[in-house]
Amino acid sequence: MDIDPATIEVRDLWIPMADGVRLRARVWLPTGAEGIPVPVLLEYLPYRLDDWTSVRDSERHPYYAAHGYASVRVDVRGTGSSEGLFEDEYSPVELDDGVAVVEWLARQPWSSGAVGMFGISWGGFNSLQIAERAPEALKAVVTVCSTDDRYDNDVHYVGGAVLAIDMAGWAGTMLAFASRPPRPEVVGPGWVQRWRERLQHQRPLGPVWLAHQERDGYWRHGSVSENYAGIRAAVLAVGGWADPYRDAVLRLLTRLDAPVKGIIGPWSHQYPDRGLAPGPGIDFLGETLRWWDRWLKGADTGVEAEPDLRAWVTDPGPPAPYVAEQQGRWVGVDWPGEVPRRELTLGHGRVTVRSPWATGQDAGRFFPFGNPADLPPDQRAEDGRSVCLDHPVGEVAVELLGTAVARLRLRSTHDRGHVVVRLCDVAPDGPSTLVSRGVLNLLKRDGMDRSVPLPVGEDVEVEVPLVAAGHHFRPGHRIRVALSNHYWPWVWPHGVDDALEVDLAASSMTLPLVDPGAVPVAFGPARHARPIPITVPDGAEDPRPARVVRHDVAAGETTIEVDPGYGGTRRYPDGLEFLESAREVYLIREGDPSSPRTESHWRIRLSNDRWAAEVQTRSVITCDADTFVLENTVRATAERDGRSETVHEETVRDRIPRTSA
């Protein structure tokens with residue numbers, strides 16, 4: 001929708017912190033807010049409001065301003081053009097600053113004193129984390145694609161296992177992102193020196209994350225699951241079935257004492273109004289406006305009367321790595337409620353699970369962004385690398401909604417290993433669609449904060465929760481439970497060639513079903529403010545394939561190469577050209593515990609007719625049975641006044657003992 005520019009005013013601000021550091025901010029104000037103060041909405045991110053998120057920002061902040069809110073976008077300390085130095089994800093200083101920003105916004109002359117926070121991913125995380133600190137002015141939160149548990153539901157570990165695909169990919173991405181310079185137009189002629197200070201201070205985050213292989217104090221910090229009772233603000237939690245954080249929506253609904261509602265759609269790791277796959281999208285901004293109007297203005301908008309959870313239940317369709325729009329329906333249910341469950345006994349006798357080390361190559365992307373190869377393809381090849389146990393749906397459809405749980409009795413040939421459980425929908429003609437999956441590092445079977453070796457050759461009982469899902473299994477289809485002990489590159493293998501033996505008669509899968517009392521719900525079509533126009537510069541690099549899998553049969557070596565597709569090259573209306581090129585590589589050789597290798601390569605170049613800055617990074621992780629070896633390289637160059645200079649060049653090597661993951 002078009003916003004009348006006469007109805008809003010845009011200001012760039014500096015927000016002072018107690019130690020003298022200033023944070024870069026932009027506010028979209030309704031005209032006349034100085035005379036009639038309005039509630040304030042805050043989005044707080046490390047992703048550069050002056051360029052990288054400016055398209056996305058232009059879709060929602062002006063919309064909120066046009067509907068009677070001061071909408072504010074702030075860069076985290078040491079990122080974008082904000083002053084200071086960046087430390088880590090969700091560091092204590094980031095959250096202290098966030099509380100100070102909320103309090104500062106509440107005091108402004110154009111502010112009514114009521115503040116809301118919103119954000120997706122990082123901004124969704126810190127919205128919850130700052131709400132847990134309970135600043136008085138923070139009345140409501142909208143958190144999208146975020147989590148309450150930084151250890152077991154983020155990009156570092158899954159089921160207590162090293163999440164190789166994003167421990168490497170996200171660490172490499174953050175190294176590149178944090179290495180970007182401040183904007184010279186904002187910070188002035190000292191921009192190169194300020195950039196140099198940032199680069200000299202920063203540390204790669206991969207070694208930090210791998211130094212904490214159990215759920216210790218490092219991960220408890222920032223995990224609001226440690227203190228749900230601290231959150232007093234009203235929380236609208238939003239997730240997508242293609243996003244790895246959707247379980248947090250259900251946990252928040254179950255455990256918060258504050259007012260809380262949840263929405264889970266078919267979406268990837270995106271705001272659900274951006275037209276990105278998989279759809280359909282919804283009028284997300286309209287839904288959030290109802291939330292803000294209720295909790296920041298006191299209007300009766302009916303949000304409290306909505307079902308606790310509004311969720312999409314996906315109809316089966318041909319499996320594909322890209323689906324523009326899923327078929328299915330919206331249902332509204334009370335959560336948690338007394339819902340029916342279907343129990344599946346896995347079978348009879350015992351089976352041996354010893355899957356190829358490259359099992360998992362068809363897992364799809366951990367963070368789907370709506371790109372062409374993000375979603376899991378047909379699972380038949382993956383099923384062939386696994387032990388599969390099929391159950392006919394029967395004459396009555398089975399509608400899954402919630403967290404399926406596998407309970408397994410198994411024994412191992414080694415004192416460590418993984419078990420991976422996939423839930424698939426198998427059509428009558430054979431295609432296998434991945435519905436959900438779960439991972440358990442068997443060392444963590446008694447809790448994520450400890451490591452207990454397996455008794456070799458003895459039966460143990462384990463429970464493997466799968467990620468939540470909403471799916472319609474049709475009559476004539478089969479429900480497939482697939483078991484493997486490898487899942488590369490999602491899970492970094494233990495340095496042993498183990499095998500599992502599963503007692504099928506003593507093992508089961510529990511499927512939570514749609515509540516018979518579920519009601520149909522509906523949303524309006526997506527709408528937002530018209531985004532700022534961007535173009536692709538002439539001579540931009542040809543895009544690489546989104547995902548390529550190669551297998552060297554003689555060497556038994558599988559290589560996966562991925563273009564993460566975060567945005568690519570573009571030109572902004574202010575003349576800035578932003579070149580962004582990235583590649584991730586994952587390699588493993590059958591049966592070789594020293595072979596797993598991950599690489600992340602980035603090149604980012606910002607330029608206009610007055611200056612240019614370029615960052616190149618390379619991050620590599622390898623591991624033998626006992627030690628992770630990490631190598632991170634950063635090279636930064638600046639061009640100004642007709643000359644080029646190296647701002648920073650450094651390679652850092654780390655060795656992290658492998659303790660339990």
Side-chain angles (χ1 to χ4, degrees), residues 8-17 21-30 33 37-50 53-54 56-77 79-82 90 93-146 222 224 231-238 271 284-285 288-289 291-297:
I8 62 173
E9 176 187 353
V10 183
R11 300 179 187 175
D12 288 341
L13 306 172
W14 292 103
I15 301 180
M17 299 294 100
V21 166
R22 300 180 306 163
L23 304 187
R24 170 75 167 165
R26 181 166 295 148
V27 57
W28 289 258
L29 282 170
V38 295
V40 183
L41 305 178
L42 168 63
E43 188 176 23
Y44 178 47
L45 292 168
Y47 296 146
R48 302 178 63 89
L49 67 86
D50 287 310
T53 66
S54 59
R56 190 176 83 187
D57 294 346
S58 69
E59 294 173 340
R60 49 210 71 248
H61 291 281
Y63 177 95
Y64 286 140
H67 287 83
Y69 290 86
S71 197
V72 184
R73 170 73 172 82
V74 177
D75 277 342
V76 167
R77 173 187 297 244
T79 70
S81 294
S82 285
Y90 324 116
V93 70
E94 175 186 332
L95 302 188
D96 289 345
D97 286 352
V99 171
V101 169
V102 169
E103 294 171 341
W104 186 89
L105 293 173
R107 296 194 301 267
Q108 298 314 296
W110 33 263
S111 169
S112 70
V115 179
M117 280 192 75
F118 72 94
I120 181 171
S121 198
W122 197 304
F125 275 62
N126 62 27
S127 292
L128 288 174
Q129 292 160 349
I130 292 168
E132 188 266 334
R133 294 188 172 208
E136 182 63 31
L138 185 60
K139 307 299 183 184
V141 163
V142 175
T143 181
V144 184
C145 296
S146 73
V224 301
I231 297 178
R232 300 199 300 265
V235 176
L236 176 60
V238 181
Y271 279 123
F284 171 72
L285 290 178
T288 62
L289 197 62
W291 195 253
W292 306 131
D293 286 351
R294 169 62 185 91
W295 300 111
L296 300 184
K297 293 183 177 179

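These numbers come from a predicted model, not from an experiment.
- Nearest heavy-atom pair across F125 and T143 is N-OG1, 4.4 Å.
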Inset, instruction - Evaluate side chain to side chain contact (heavy atoms under 4.5 Å, CB included) for M17 paired with V101, printing each intermediate quantity in order. - result: CA-CA 8 Å; M17 299 294 100; V101 169; 3.9 Å; yes
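- Using a distance-only test at 3.5 Å, with no hydrogens or angles considered, a donor-acceptor pair links the side chain of S82 to the main chain of R24.
- By the 4.5 Å heavy-atom criterion applied to side chains, L285 and L289 are not counted as neighbours.
- Counting all heavy atoms, side chain and backbone alike, A65 lies closest to I8 at CB-CG2, 3.5 Å.
- For the atom pair OG (S81) and CZ (R48), the distance works out to 6.0 Å, reported to the nearest 0.5 Å.
- Closest approach of P135 and V99 over heavy atoms only: CB-CG1, 4.2 Å.
- Side-chain contact between L41 and L296 is present, with at least one heavy-atom pair separated by less than 4.5 Å.
- Ring pair Y44/W122: centre-to-centre distance not below 6.0 Å.
- In the displayed structure, R232 atom CZ is contacted under 6.0 Å by at most 12 heavy atoms of other residues, nucleotides or ligands.
- Proximity of E103 to V115: side-chain heavy atoms (C-beta onward) are nowhere separated by under 4.5 Å.
- Here the closest non-hydrogen pair linking A33 and L29 is CB-CD2, 4.1 Å.
- Here the CG-CG distance, from L49 to D12, works out to 7.0 Å after rounding to the nearest 0.5 Å.
- Distance CH2/W104 to CD1/I15: 4.5 Å, rounded to 0.5 Å.
- Partners of W291 according to the ring-ring contact (aromatic ring centres under 6.0 Å, His included) rule, which considers only residues two or more places apart in sequence or in another chain, are W295.
- Closest of all the heavy-atom pairs between V38 and A70 is CG2-N, 3.5 Å.
- A side chain to side chain donor-acceptor pair (under 3.5 Å) with H61 is found for exactly one of R56, R26, E43, namely E43.
- How far OG1 of T53 is from CD of E59: 11.0 Å, rounded to the nearest 0.5 Å.
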The test is side chain to side chain contact (heavy atoms under 4.5 Å, CB included); show your working for M117 and N126 and say whether it passes.
CA-CA 9 Å; M117 280 192 75; N126 62 27; 3.8 Å; yes
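- Proximity of V27 to Q108: side-chain heavy atoms (C-beta onward) are nowhere separated by under 4.5 Å.
- Salt-bridge annotation for R77 and D75: absent, with no side-chain N of the basic residue lying under 4.0 Å from a carboxylate O of the acidic one.
- Panel note: side chain Q129, backbone G222; a donor-acceptor pair is recorded below 3.5 Å.
- Between Y271 and F284, the ring planes are tilted. Angles from 30° to 60° get that label.
- Side-chain atoms of L42 and V102, non-hydrogen and from C-beta on, do get closer than 4.5 Å to each other.
- Checked by atom type and distance alone, the side chain of S127 pairs as donor or acceptor with a backbone atom of G123 at under 3.5 Å.
- In terms of heavy-atom proximity, S146 sits nearest to S121 at CB-O, 4.1 Å.
- Contact check for W28 versus R60: no side-chain heavy atoms found under the 4.5 Å cut-off.
- Under the 3.5 Å distance criterion, the side-chain polar atoms of E94 are matched with a main-chain donor or acceptor of Y90.
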Discussion item. Does T288 form a side chain to side chain donor-acceptor pair (under 3.5 Å) with Y64? I'd like the steps, not just the answer.
Written reply: CA-CA 10 Å; T288 62; Y64 286 140; 2.7 Å; yes
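- Judged by distance alone, the side chain of S111 and the main-chain N or O of V40 form no donor-acceptor pair under 3.5 Å.
- Between L105 and W110 there is a side-chain heavy-atom pair separated by less than 4.5 Å.
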